[in-house]
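Notes follow the structure.
Just so you know, these numbers come straight off a predicted model, no measurement behind them. In what follows, every heavy atom counts, from backbone to side chain, and hydrogens, waters and symmetry copies are set aside. Below, read A as the first sequence line, B as the second, and so on, with proteins coming before strands; counting in each chain starts at 1.
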There are 2 protein chains.
Amino acid sequence: MAPKRIMPGKIRLAEVAKLAGVSPITASRFFRNPQALSAGKRARVESAAKELGYVPNLAARALASQRTEVIGVLIPSLTNNVFSDVLRGIYDALDGSRYSIQLANTRYSILQEERLLRLFLAQKPAGLIVTGINQTADSRAIMETVDCPIVQIMEIGPSPVDMMIGFSHFDAARAAIGHLLAQGYRRIGFLGARMDPRVQRRLDGYRAAMSDAALLDPQLIVTTAIPTSVTLGGTLLADLLAKAPDIDAVFCVNDDLALGALFECKRRHMAVPGQLAIVGFNDLEFMASSEPTLSSVRTNRYEMGRNAAAMVIETLEGRRPAEPVVDLGFSIMERQSSARRG
Amino acid sequence: MAPKRIMPGKIRLAEVAKLAGVSPITASRFFRNPQALSAGKRARVESAAKELGYVPNLAARALASQRTEVIGVLIPSLTNNVFSDVLRGIYDALDGSRYSIQLANTRYSILQEERLLRLFLAQKPAGLIVTGINQTADSRAIMETVDCPIVQIMEIGPSPVDMMIGFSHFDAARAAIGHLLAQGYRRIGFLGARMDPRVQRRLDGYRAAMSDAALLDPQLIVTTAIPTSVTLGGTLLADLLAKAPDIDAVFCVNDDLALGALFECKRRHMAVPGQLAIVGFNDLEFMASSEPTLSSVRTNRYEMGRNAAAMVIETLEGRRPAEPVVDLGFSIMERQSSARRG
DNA sequence: CAATCGCGTGGTAGCGCTGTCAATATCGGT
DNA sequence: ACCGATATTGACAGCGCTACCACGCGATTG
């Protein structure tokens, strides 16, 4: 005899349909496209579902419809609080929607990213959010053939795979240097860690600004591939001071380095900004309440995540955003650590 | 005529089985329980799968087997870097395994947690990781009837739903106060934000230690429901100093508050630890490189996440951990900010 | 030597939902 | 009153995989 794996007491769509006095397919439509039903049936199905406590089986739905309601998110790091802000934005945007997140960590490796991308795509995600614009050629090719909305976040560039939201790291860094120049600083050092593509572009922005002012000097630049930390900020500043003792300011590629640099100054009894001005990047919360308060480049990370997720959802719902590339910009937060010189 | 939705060129298990010259069911077994196959067929299926680039359809698998390979994770906050360390541990532990993570944010609400729990459970997760031991009665009841491994993380308590990994916040706070007392401090303030259950237990630990030393004074305690931040640390310290100007030390329930308190001291030209000793909680990276370096209570957050995920996997694979409750402990990191008095 | 056991394998039928298309009901216009 | 167009609804089959059982075969047992 044929084995019947009956699930006793389980509430399926069929039960809801039966209670509502409609066919299963009509009940199904209620969940996917409610306005296609007449008001009467809509109400009946709704109350039947509520009464029975119906919860759709996502696996069955995914199998039958050949797509999922999962948005894949690829970020390079879970440690970096920059990404936790972005993630928070993404989760907030999806809260209450039918979509959920599948998160994966590329660890700043584009090969790892490609592997994860293939893994995600095999499960037919509803959409994809990827970090940055430096994917492998294969990754890019794959993404271009996939027919789900894709948003590249954190930065903007010339040729989006699909959509893009972020800001110009080059411009932001250049503006930060512009601010220091305007405040009267001349020997402006650069502290960089990890040196991922976006940090690299900040370095390019620094170079451009310094070069335009005829102040570029390789001695002013200290970088490392080591992941960033507050401790590292102190170490790098020490290195920089050894190479170029006459610096009057430092631009740090992130706020952790800036904080570490500040502590290093305290340790050396160097006045900030009296002897050394400091500017960070990202404008994390603590920058506004340190002593002295630390100048930084504010980036809109939460909004980036939130809008990226919103763009995916809008596209999925047929309301494709008018502008596929969104520049969220940045702003220079001028605080005590970069007060006008002298 | 019946509509056939044929998927052209798609590689299904049937294709793999055909190429390997076995039945689909044998091919299926290869992926679920390889050692049940004879060596010959195992090799044949393996090479066939590789040759065709077969990727299993997770939705079909979930539908047919009535379970998923998803481990649900409920955490209260995405912002708090304490949780990002835990998450990193979880993701690292699952890396390379067949399991994936479904993450949800309870925003410190146990009602929200209950809602998310129901949502997760409806999709039959392979396992569950939840934060803390303060669930609603309903949540607890639900969890106790579910037959998947569940790990409660961040703290330990008397009656685990299933498994548990963490440490005693009470003991940790009491030990921190014990350290300050041993260093000669007597008027020790308490700074608390958010006041979630774990922070509450730290307060209890503080109270116990102070009470044992006959030093407890309500004026020494400043708490708020506001979420924590560095800025808030400064504000709370200012409040405390207004209430009790004669304090000689502060215990902060987390490191952000401690950093904020440090900056507030600098602003007031109060020497640390000369006029005020500071001890934080969690031992985030910056605590060791501030000026002065800040004492803290080290908690093993990464290990907590990593072990929690490992415990779930072990249970799923039939190797249930010998000890269902794991105390990861803590350690007092004694640094400059709580140097011996005088 | 027959009865039993267990391993490796395959056949069959469904898991719960939705795509496709046909069928019916409703409606305005002539 | 008739026609075609539009809104609603339903029947059917199948998405890709696995649970359940059956079966054949050699090994074990008394």
Practice problem: Taking only the side-chain heavy atoms of Leu13(A) (C-beta and beyond), determine which of dG16(C), dT18(C), dC17(D) contains the nearest atom. | Solution: dT18(C)

Quiz item: Could you give the CG-to-P distance, from Leu58(A) to dC17(C), as a whole number of Å?
Solution: 10 Å

Practice problem: Using atom CG of Leu63(A) as one end and atom P of dG19(C) as the other, report the distance to the nearest whole Å. | Solution: 12 Å

Quiz item: From Leu52(B) CG over to Glu15(B) CD, what is the distance, rounded to the nearest 0.5 angstrom?
Solution: 7.5 Å

Quiz prompt | Side-chain N,O (Arg32(B)) to OP1/OP2 (dA19(D)) below 4.0 Å | solution = yes

Self-check item: Listed nucleotide nearest any side-chain atom of Ala64(A), set dC17(C), dG19(C), dG16(D)
Solution: dC17(C)

Quiz item: Is the shortest side-chain N/O distance from Tyr54(B) to OP1 or OP2 of dG16(D) below 4.0 Å?
Solution: no

Exercise. Could you check Pro56(B) against Ala39(A) and say which one's nearest nucleotide on DNA chain D is further toward the 5' end?
Key: Ala39(A)

Self-check item: Whole-Å distance separating the CD1 atom of Ile25(A) from the P atom of dT9(D)
Solution: 13 Å

Quiz item: Between Tyr54(A) and Phe31(A), does the ring centroid distance fall short of 6.0 Å?
Solution: yes

Exercise. Hey, could you give me the CG/CZ distance between Leu103(B) and Phe120(B), rounded to the nearest 0.5 Å?
Key: 7.0 Å

Quiz item: OP1, OP2 of dT18(D) versus side-chain N and O of Ser65(B): anything below 4.0 Å?
Solution: no

Quiz prompt | Under 4.0 angstrom between Thr26(A) side-chain N/O and dG10(D) OP1 or OP2 | solution = yes

Quiz item: Between atom CE of Met164(B) and atom CG of Asp327(B), what is the distance when rounded to the nearest 0.5 Å?
Solution: 11.0 Å

Self-check item: Separation of atom NZ in Lys124(B) from atom P in dC17(C), rounded to whole Å
Solution: 10 Å

Quiz item: Whole-Å distance between dG10(D) P and Lys18(A) NZ?
Solution: 15 Å

Quiz item: When you measure from the side chain of Ser23(A), which nucleotide among dC17(D), dG11(C), dG10(D) comes out closest?
Solution: dG10(D)

Quiz item: Between Leu52(B) (CG) and dG16(D) (P), how many Å, whole number?
Solution: 15 Å

Quiz item: Rounded to the Å, how far apart are Gln66(A) CD and dG19(C) P?
Solution: 10 Å

Quiz prompt | Which nucleotide in dA11(D), dC17(C), dC17(D) has an atom nearest any side-chain atom of Ala60(A) | solution = dC17(C)

Quiz item: Would you say dG10(C) has OP1 or OP2 under 4.0 Å from some side-chain N or O of Lys41(B)?
Solution: yes

Practice problem: Round to the nearest Å and state the distance from Asn33(B) atom CG to dA19(D) atom C1'. | Solution: 14 Å

Quiz item: Heavy atoms under 4.0 Å, any strand shown: does Ala62(B) hit a base, just sugar-phosphate, or nothing?
Solution: nothing

Quiz item: Can a side chain N or O of Ser28(A) be found less than 4.0 Å away from OP1 or OP2 on dT18(C)?
Solution: yes

Exercise. Answer whether the closest heavy-atom distance between the side chains of Arg107(A) and Asp95(B) falls below 4.5 Å.
Key: yes

Quiz prompt | Check: Gln123(A)/Gln102(A) side-chain N/O donor and acceptor closer than 3.5 Å | solution = no

Practice problem: Look at the side chain of Ser38(B) and decide which nucleotide, out of dG8(C), dT18(D), dC17(C), has an atom nearest to it. | Solution: dG8(C)

Practice problem: Remember a base hit wins even if backbone is also touched, and classify Arg67(A) as base, sugar-phosphate or nothing at under 4.0 Å, heavy atoms. | Solution: sugar-phosphate

Practice problem: Starting from the 5' end of DNA chain C, give me the residue, Gly21(B) or Ala27(A), whose nearest nucleotide shows up first. | Solution: Gly21(B)

Quiz item: Using a cut-off of 4.0 Å on non-hydrogen atoms, how would the nucleic acid contact of Arg29(A) be classed: base, sugar-phosphate, or nothing?
Solution: base

